[in-house]
Chemist: 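Attaching a single structure in structure tokens format; questions to follow.
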Amino acid sequence: SVLLSNIQAKEVVNENLRTSLDMYSLESAKAFTKTIDWMQESFKCCGLNDASDWSANNNVTYAHYWTQTHVNDVPDTCCKNVVEGCGVDQATGNSDLINNGGCLDNAVNFMESRMVLSWVLLALFILIELGTIVLAFFIVRPATFACFTTGEEA
């Protein structure tokens, strides 16, 4: 099937977000950092599943480079009010200062909404193309028909 199922979409987004979190704050991979920052700030979320994804004390740490220098910190973009240093010591539990929910479901919903829009635009494009073909047929058809009845070339 051309359409991704919800489960497949979630797996693809999950894998890409894990890679992005793992590379977060790595100097040679600034695009990953910008993507995660944009997502956390736009979707009002923190980490893949929750804020503890940023903790070095978590059994499953996704943010390897980040946690080397920020043991219990979350990026400032997790904060409800983003100011420098607001994420310090916020990765250990629920805090009123940060968005505690994870970004995975928000990212999947974002991708699915864009997929639906893409399919609608594709269907519209196909209808326009079919309409153009039908119109061209009716424009060319009288000239072709006249050629056969009069014996002259159109």
Side-chain angles (χ1 to χ4, degrees), residues 1-140:
S1 166
V2 175
L3 287 172
L4 287 176
S5 71
N6 186 23
I7 294 169
Q8 289 171 320
K10 195 167 189 171
E11 287 173 6
V12 169
V13 172
N14 187 5
E15 184 178 323
N16 286 311
L17 287 180
R18 273 195 207 160
T19 300
S20 295
L21 256 67
D22 192 40
M23 303 298 249
Y24 189 88
S25 79
L26 187 62
E27 189 61 34
S28 61
K30 289 183 180 184
F32 290 110
T33 302
K34 287 181 180 182
T35 299
I36 293 294
D37 284 344
W38 172 83
M39 184 180 58
Q40 290 183 149
E41 200 165 356
S42 298
F43 298 153
K44 307 292 184 213
C45 56
C46 189
L48 189 60
N49 301 302
D50 56 40
S52 69
D53 290 339
W54 294 105
S55 175
N57 297 325
N58 190 356
N59 290 336
V60 183
T61 299
Y62 298 118
H64 294 99
Y65 294 103
W66 172 262
T67 57
Q68 290 175 8
T69 56
H70 301 85
V71 178
N72 287 317
D73 303 342
V74 297
D76 292 339
T77 54
C78 285
C79 298
K80 291 178 180 176
N81 182 22
V82 179
V83 293
E84 189 174 342
C86 64
V88 174
D89 288 329
Q90 299 299 315
T92 54
N94 288 336
S95 168
D96 292 336
L97 301 176
I98 63 169
N99 300 302
N100 290 293
C103 298
L104 179 59
D105 289 336
N106 292 330
V108 169
N109 292 338
F110 179 78
M111 295 301 289
E112 286 177 343
S113 69
R114 297 306 186 262
M115 286 172 48
V116 169
L117 178 61
S118 296
W119 284 109
V120 168
L121 291 175
L122 177 63
L124 183 62
F125 176 75
I126 289 170
L127 287 174
I128 291 170
E129 287 299 311
L130 287 174
T132 304
I133 291 169
V134 169
L135 184 61
F137 173 76
F138 283 112
I139 291 172
V140 172

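All residue numbers refer to positions in the sequence shown, counting from 1. FYI, side chains are in, hydrogens and waters are out, and symmetry mates aren't considered; it's all heavy atoms of this structure.
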Chemist: With a 4.5 Å cut-off on side-chain heavy atoms, are H70 and W54 touching?
Modeler: no

Chemist: A side-chain contact here means heavy atoms from C-beta on lying under 4.5 Å apart; do F32 and L26 qualify?
Modeler: no

Chemist: Who passes ring pair (Phe, Tyr, Trp, His ring centres under 6.0 Å) against F43, sequence neighbours left out?
Modeler: W38, F110

Chemist: State, to 0.1 Å, how close L97 and Q90 come at their nearest heavy-atom pair, and which atoms those are.
Modeler: CD1-NE2, 3.8 Å

Chemist: Let me confirm one number: the SG-CG distance from C45 to D50, rounded to the nearest 0.5 Å.
Modeler: 11.0 Å

Chemist: Please give me the minimum heavy-atom distance between A51 and A91, naming the atom from each residue.
Modeler: O-CB, 3.9 Å

Chemist: Run the side-chain donor-acceptor check on residues 75-88: report pairs under 3.5 Å with partners two or more places apart or on a different chain.
Modeler:
residue: D76; atom: OD1; partner: G85; partner atom: N; Å: 3.4
residue: D76; atom: OD1; partner: C86; partner atom: N; Å: 3.3
residue: D76; atom: OD1; partner: G87; partner atom: N; Å: 3.0
residue: D76; atom: OD2; partner: G85; partner atom: N; Å: 2.9
residue: T77; atom: OG1; partner: D37; partner atom: OD1; Å: 3.0
residue: T77; atom: OG1; partner: Q40; partner atom: NE2; Å: 2.9
residue: K80; atom: NZ; partner: D96; partner atom: O; Å: 3.3

Chemist: Looking only at non-hydrogen atoms, find the nearest pair between C46 and C103 and report the distance.
Modeler: N-SG, 3.6 Å

Chemist: Start with the C-alpha distance between L48 and R18, add both sets of side-chain angles, then the distance that settles side-chain contact (heavy atoms from CB on, under 4.5 Å), and finish with yes or no.
Modeler: CA-CA 7 Å; L48 189 60; R18 273 195 207 160; 3.6 Å; yes

Chemist: Say you draw a straight line from CG of D22 to CH2 of W66; how long is it, rounded to the nearest 0.5 Å?
Modeler: 14.0 Å

Chemist: Would I126 and L130 count as a side-chain contact (heavy atoms from CB on, under 4.5 Å) if you check the C-alpha gap in whole Å, the side-chain angles of each, and the deciding distance to 0.1 Å?
Modeler: CA-CA 6 Å; I126 289 170; L130 287 174; 4.1 Å; yes

Chemist: Closest heavy-atom contact between S25 and T33?
Modeler: N-OG1, 2.9 Å

Chemist: One pair to check against side-chain contact (heavy atoms from CB on, under 4.5 Å): I98 and V74. What are the steps and the verdict?
Modeler: CA-CA 9 Å; I98 63 169; V74 297; 4.1 Å; yes

Chemist: Just verifying a value: how many Å separate M39 CE and L104 CG, rounded to the nearest 0.5 Å?
Modeler: 8.5 Å

Chemist: Taking the side chain as C-beta and beyond, is there a heavy-atom pair between D89 and N72 under 4.5 Å?
Modeler: yes

Chemist: What pair of heavy atoms forms the shortest contact from N100 to S95, and how long is it?
Modeler: ND2-O, 2.8 Å

Chemist: Does a sphere of radius 6.0 Å around CD in E15 hold more than 12 heavy atoms from other residues, nucleotides or ligands, not counting ones at 6.0 Å or beyond?
Modeler: no

Chemist: To the nearest 0.5 Å, what is the distance between CG on L17 and CG on N106?
Modeler: 10.5 Å

Chemist: Starting at CD1 of I36, measure out to OG1 of T19 and round the result to the nearest 0.5 Å.
Modeler: 9.5 Å

